[in-house]
Amino acid sequence: MTHLIETENLILRKFKDTDVPNIYKLDSNEEVHKYLGKKPIKTLKEAEEIVSFFHLQYKERGIGRFATIEKSSGRFIGWAGLKLNIGEKEMLNRYTYFIDIGYRFLPEFWGKGYATEASLASLEYGFKKLNYDIIYGAADIENVASNKVLQKIGLNFINEFAFKNIKCNWYELKNSEYGT
């Protein structure tokens, strides 16, 4: 798989082993994890495991999160894209097999529209290139910015649910509704 998405400001590419320090910087940041269970990683070994999981997703599931690079600076800003969730371990809102859209960026890149830009490109990729029937999204209800992005890109609010005692919003967009 050599997937690459390019937008006006961003490049979304497969993760490389050399991205381990980038993932460490992202996922060890307490501010990044404010709405993700407040459990940032503590070691480079954990970052290696995350990158390995991305590689496994590409290989076994045909899709996974993409490293996201700011074109103007060439800097790693985080990740974005689609993920196939499978099984009880990845169950969310009672779903065990679904395509999930997501994004996670370093705080210095928040508020620049990059989550929206990367997500719109990911939706197009998922619906037009991979022909998915439906794409889901979820966000902590207190994460106002993330909920706004999911709504702005066209996902429809479905319901609230609890995930690890955190209230979350569940969204979906069907291919048949995409672009209408």
Side-chain angles (χ1 to χ4, degrees), residues 1-20 22-23 26-27 36 49-71 76-106 109 112-140 143 145-159 161 163 168-180:
M1 182 177 96
T2 57
H3 298 313
L4 174 70
I5 299 172
E6 190 169 338
T7 68
E8 181 181 348
N9 299 297
L10 305 171
I11 294 172
L12 283 70
R13 62 159 171 79
K14 287 173 44 175
F15 272 90
K16 304 173 187 174
D17 291 338
T18 55
D19 287 314
V20 169
N22 294 326
I23 283 295
L26 177 69
D27 280 327
L36 301 171
E49 291 168 2
I50 291 168
V51 172
S52 291
F53 183 62
F54 290 144
H55 290 302
L56 187 65
Q57 288 176 338
Y58 302 148
K59 181 180 177 186
E60 292 183 353
R61 302 176 187 188
I63 192 69
R65 305 297 194 202
F66 290 129
T68 304
I69 310 302
E70 183 183 52
K71 276 185 179 179
F76 174 90
I77 68 167
W79 58 252
L82 305 172
K83 172 184 167 191
L84 173 60
N85 289 281
I86 299 175
E88 293 293 319
K89 187 176 178 184
E90 294 182 294
M91 185 169 71
L92 203 56
N93 195 24
R94 298 185 309 269
Y95 287 77
T96 57
Y97 190 89
F98 62 96
I99 297 293
D100 167 57
I101 193 163
Y103 36 84
R104 186 177 301 170
F105 298 130
L106 291 162
F109 298 99
K112 295 179 179 257
Y114 290 162
T116 300
E117 186 174 333
S119 295
L120 286 170
S122 296
L123 285 177
E124 182 175 342
Y125 185 79
F127 287 137
K128 301 287 185 185
K129 291 211 182 241
L130 301 177
N131 203 32
Y132 291 137
D133 291 326
I134 191 164
I135 295 175
Y136 297 93
D140 181 321
N143 189 340
S146 194
N147 280 281
K148 281 183 180 178
V149 168
L150 291 170
Q151 293 167 13
K152 189 175 186 178
I153 65 170
L155 273 71
N156 302 302
F157 172 79
I158 302 300
N159 67 302
F161 69 100
F163 180 70
C168 298
N169 288 328
W170 185 254
Y171 299 88
E172 71 176 39
L173 182 61
K174 296 177 181 167
N175 195 334
S176 60
E177 300 168 337
Y178 175 70
T180 58

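No experiment lies behind these values; they were computed from the predicted model shown.
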Step-by-step side chain to side chain contact (heavy atoms under 4.5 Å, CB included) determination, Phe163 to Asn93: CA-CA 7 Å; Phe163 180 70; Asn93 195 24; over 6 Å; no
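- Taking all atoms of both residues into account, the shortest heavy-atom contact from Leu26 to Gly78 is CD2-CA, 4.1 Å.
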Derivation of the side chain to side chain contact (heavy atoms under 4.5 Å, CB included) call for Ile50 and Val20: CA-CA 8 Å; Ile50 291 168; Val20 169; over 6 Å; no
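- Nearest approach of Ile11 to Leu4, heavy atoms of both residues: CG2-CD1, 3.4 Å.
- A donor-acceptor pair under 3.5 Å links the side-chain atoms of Tyr58 to the main chain of Phe15, judged by distance alone.
- Relative ring orientation between Phe105 and Tyr114 is described as perpendicular, the plane-to-plane angle rising above 60° on a 0-90° scale split at 30° and 60°.
- Ring pair Tyr95/Trp170: centre-to-centre distance below 6.0 Å.
- Between the side chain of Arg61 and the main chain of Leu84, a donor-acceptor pair closer than 3.5 Å is present.
- Taking both residues in full, the closest heavy atoms of Asn143 and Asn147 are given as O-ND2, 2.8 Å, listed atom of the first, atom of the second, then distance.
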Glu177 and Asn156: CA distance, side-chain angles, deciding distance, side chain to side chain contact (heavy atoms under 4.5 Å, CB included) verdict: CA-CA 10 Å; Glu177 300 168 337; Asn156 302 302; 3.3 Å; yes
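- In this structure, the separation between OH on Tyr125 and CD1 on Ile101 is 13.0 Å, given to the nearest 0.5 Å.
- In this structure, Tyr103 contributes its side chain and Ser146 its backbone to a donor-acceptor pair below 3.5 Å.
- Taking CZ of Phe161 as the reference point, atom SG of Cys168 lies at 4.5 Å (rounded to 0.5 Å).
- Between Ser122 and Leu82, the shortest heavy-atom distance links the atoms O-CD1, 3.5 Å.
- With rounding to the nearest 0.5 angstrom, the CG atom of Leu150 is 12.5 Å from the CD atom of Glu172.
- For the atom pair Tyr178 OH and Phe127 CZ, the distance stands at 7.5 Å (nearest 0.5 Å).
- Of the possible polar contacts, none joining the Asn175 side chain to the Ile134 backbone as a donor-acceptor pair under 3.5 Å is found.
- Taking each heavy atom of Ile23 and Val51 in turn, the nearest pair found is CG1-CG2, 3.8 Å.
- With sequence neighbours excluded, the residues forming a salt bridge (charged side-chain N to carboxylate O under 4.0 Å, His left out) with Glu6 are Lys71, listed by chain and number.
- Contact check for Phe98 versus Asp100: side-chain heavy atoms found under the 4.5 Å cut-off.
- Atom CG of residue Asp27 and atom CH2 of residue Trp79 lie 8.0 Å apart, to the nearest 0.5 angstrom.
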Ile77 and Thr68: CA distance, side-chain angles, deciding distance, side chain to side chain contact (heavy atoms under 4.5 Å, CB included) verdict: CA-CA 6 Å; Ile77 68 167; Thr68 304; 3.7 Å; yes
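- To the nearest 0.5 Å, atom CD1 of residue Ile99 and atom CG of residue Asp133 are 10.0 Å apart.
- Using a distance-only test at 3.5 Å, with no hydrogens or angles considered, no donor-acceptor pair links the side chain of Asn85 to the main chain of Leu92.
- For the residue pair Asn9 and Glu117, a side-chain donor N or O sits within less than 3.5 Å of a side-chain acceptor on the partner.
- Looking at Arg65, its side chain does come within 3.5 Å of a backbone N or O of Gly81 through a donor-acceptor pair.
- Shortest non-hydrogen contact noted between Ala80 and Leu12 is CB-CD2, 4.1 Å.
- One finds no salt bridge joining Lys14 and Asp19 here, because no Lys/Arg side-chain nitrogen approaches an Asp/Glu carboxylate oxygen to under 4.0 Å.
- With sequence neighbours excluded, the residues forming a side-chain contact (heavy atoms from CB on, under 4.5 Å) with Thr96 are Glu88, Met91, listed by chain and number.
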